[in-house]
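I have placed the structure first, in the form of structure tokens, so that the comments after it can refer back to it.
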Amino acid sequence: MSGALVRPEFVVFGSSIVQYGFHNEGWIAALSHFYARKADIILRGYAAWNTRRALQVLDKIFPKDVLLQPSLVIVYFGGNDSSNPHSSGLGPHVPLQEYVENLRIIVNHLKSLSANTRILLLTAPPINDATIILNSDGNPSRTNEACGIYSNACLEVCREMNIKAIDLWSAIQKRDNWQDVCFIDGIHLSCEGSKIVLKEILKVLKEAEWEPSLHWKSMKTEFEEDSPYDPPASDGKSTINLSHFSFFDDNNLD
């Protein structure tokens, strides 16, 4: 439609860290707040998924034949892939080298969508080993050590393919008492954990030398012009433009 309003799209694709990203003051909820009137944040999160499941639906979630392709895709897979293998052969575990190859396939597919589609990968965050339950075969379902190994593998893929990445495994462990304050169950992020993820994402988007910039302060705000319908100012002659107002402490998060 001629003259229709078209916003840039940011798609967040991943497992439960993505699916639950609006819960409990989550990082995707905060991201949506910053990009209100600037970009549409589209959540494609699937709890318990690994990179094998992701490959099964890659063409459905990111078809190549659509006119509007995402301006940014944030990808998170690794926590489930790094789970310990179950003696039955069932479960989300994916061997390390297969995980690496799966990430390469995902990145190459996203690169093929558009020359203007930017890609950002998040590594597996750490976990609190003390809270992890045992599998039905009596072995721990996952370990923080394995998360670190898969996190490093993800970073290496991104270096090889010239893709932006965030080392969540290291970033979260810099927080004091991270085991106790960054999770709701030892695995999934609390509000404090989400703040770290959000801060790291906004830092990358601010520093990336992308044209156009995808940092929220650099993007155009829809309908930002002054209006006589805005709230009256104290002088009784002008109005207060709220189009750039944010409830967050921007100095700590931009």
Side-chain angles (χ1 to χ4, degrees), residues 7-51 53-54 61 70-83 92 118-128 131-132 142 144 147 150-151 154 164-206 214-217 219 245-254:
R7 284 188 181 183
E9 293 183 352
F10 293 3
V11 182
V12 191
F13 179 43
S15 56
S16 56
I17 297 296
V18 175
Q19 181 174 329
Y20 306 147
F22 281 98
H23 175 66
N24 192 30
E25 301 180 46
W27 61 278
I28 297 180
L31 200 65
S32 296
H33 170 77
F34 277 102
Y35 283 90
R37 299 174 68 163
K38 296 173 182 288
D40 287 332
I41 309 298
I42 301 172
L43 185 149
R44 294 293 182 266
Y46 305 91
W49 277 33
N50 57 18
T51 52
R53 294 292 301 275
I61 295 178
S71 296
L72 173 68
V73 181
I74 301 175
V75 179
Y76 162 69
F77 288 102
N80 294 320
D81 295 71
S82 67
S83 296
R118 310 303 181 186
I119 306 166
L120 171 61
L121 264 59
L122 310 181
T123 77
I127 62 170
N128 183 356
T131 66
I132 300 305
R142 58 185 74 198
N144 192 41
C147 288
Y150 279 64
S151 173
C154 176
K164 299 291 184 184
I166 294 175
D167 181 0
L168 291 185
W169 192 79
S170 297
I172 289 176
Q173 291 186 82
K174 292 176 183 177
R175 171 69 156 84
D176 291 341
N177 302 317
W178 64 270
Q179 297 97 326
D180 300 319
V181 301
C182 289
F183 309 105
I184 58 176
D185 57 0
I187 297 175
H188 299 100
L189 299 173
S190 65
C191 177
E192 288 300 310
S194 279
K195 286 180 181 178
I196 296 172
V197 178
L198 175 68
K199 185 172 183 178
E200 293 294 323
I201 290 174
L202 292 180
K203 180 182 178 182
V204 169
L205 298 184
K206 183 178 183 180
L214 297 181
H215 186 249
W216 68 285
K217 286 188 175 180
M219 296 180 68
F245 177 76
S246 170
F247 285 101
F248 284 85
D249 181 357
D250 301 345
N251 294 323
N252 291 329
L253 284 174
D254 66 358

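- Minimum heavy-atom separation, Ile28 to Ile41: CG2-CG2, 4.0 Å.
- Smallest separation of non-hydrogen atoms from Ala54 and Trp49: N-CE3, 4.0 Å.
- Using a distance-only test at 3.5 Å, with no hydrogens or angles considered, no donor-acceptor pair links the side chain of Ser194 to the main chain of Leu189.
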Start with the C-alpha distance between Leu122 and Ile166, add both sets of side-chain angles, then the distance that settles side chain to side chain contact (heavy atoms under 4.5 Å, CB included), and finish with yes or no.
CA-CA 5 Å; Leu122 310 181; Ile166 294 175; 3.8 Å; yes
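- A distance of 8.5 Å separates CG in Leu72 from CD1 in Ile201, rounded to the nearest 0.5 Å.
- A distance-only check finds no donor-acceptor pair linking the side chain of Asn80 to the backbone of Asn50 [under 3.5 Å].
- Using a distance-only test at 3.5 Å, with no hydrogens or angles considered, a donor-acceptor pair links the side chain of Asp167 to the main chain of Ser170.
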Side chain to side chain contact (heavy atoms under 4.5 Å, CB included) assessment of Val75 paired with Val18:
CA-CA 9 Å; Val75 179; Val18 175; over 6 Å; no
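- Once rounded to the nearest 0.5 Å, the distance linking CG of Asp180 with CZ of Arg175 reads 10.0 Å.
- Residues Leu205 and Tyr35 form a side-chain contact, since some pair of their non-hydrogen atoms from C-beta on lies under 4.5 Å apart.
- Side-chain atoms of Asn144 do not come within 3.5 Å of backbone N or O of Cys147 as any donor-acceptor pair.
- Here the shortest heavy-atom pairing between Asn128 and Trp178 reads N-CZ3, 4.5 Å.
- Across all non-hydrogen atoms, the minimal contact from His215 to Lys206 is CD2-CB, 3.4 Å.
- Here the side chains of Thr131 and Ile187 are not in contact, with every heavy-atom distance at 4.5 Å or above.
- Taking CD1 of Ile74 as the reference point, atom CD1 of Ile119 lies at 12.0 Å (rounded to 0.5 Å).
- With a 4.5 Å cut-off on side-chain heavy atoms, Val73 and Arg118 do not count as touching.
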Any chance you could lay out the side chain to side chain contact (heavy atoms under 4.5 Å, CB included) test for His188 and Ile17, step after step, and finish with the verdict?
CA-CA 6 Å; His188 299 100; Ile17 297 296; 4.3 Å; yes
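- Taking 4.0 Å as the cut-off between side-chain N and carboxylate O, Lys203 and Glu200 do not count as a salt-bridged pair.
- For the atom pair CD1 (Ile132) and CD1 (Ile127), the distance works out to 4.0 Å, reported to the nearest 0.5 Å.
- Contact between Gln19 and Ala47 at its shortest, heavy atoms only, is OE1-N, 2.7 Å.
- Using a 4.5 Å cut-off on side-chain heavy atoms (C-beta onward), Phe34 and Leu198 make contact.
- The backbone N or O of Tyr150 sits nowhere less than 3.5 Å from a side-chain atom of Trp169 that would complete a donor-acceptor pair.
- For the atom pair CH2 of Trp27 and CG of Leu168, the computed distance is 8.0 Å after rounding to the nearest 0.5 Å.
- Of all the heavy atoms in Ile172 and Phe183, the pair that sits closest is CG2-CZ, 4.4 Å.
- Distance check: Leu120 CG to Tyr76 OH gives 14.0 Å after rounding to the nearest 0.5 Å.
- No side-chain donor-acceptor contact under 3.5 Å links Asp40 to the backbone of Arg7.
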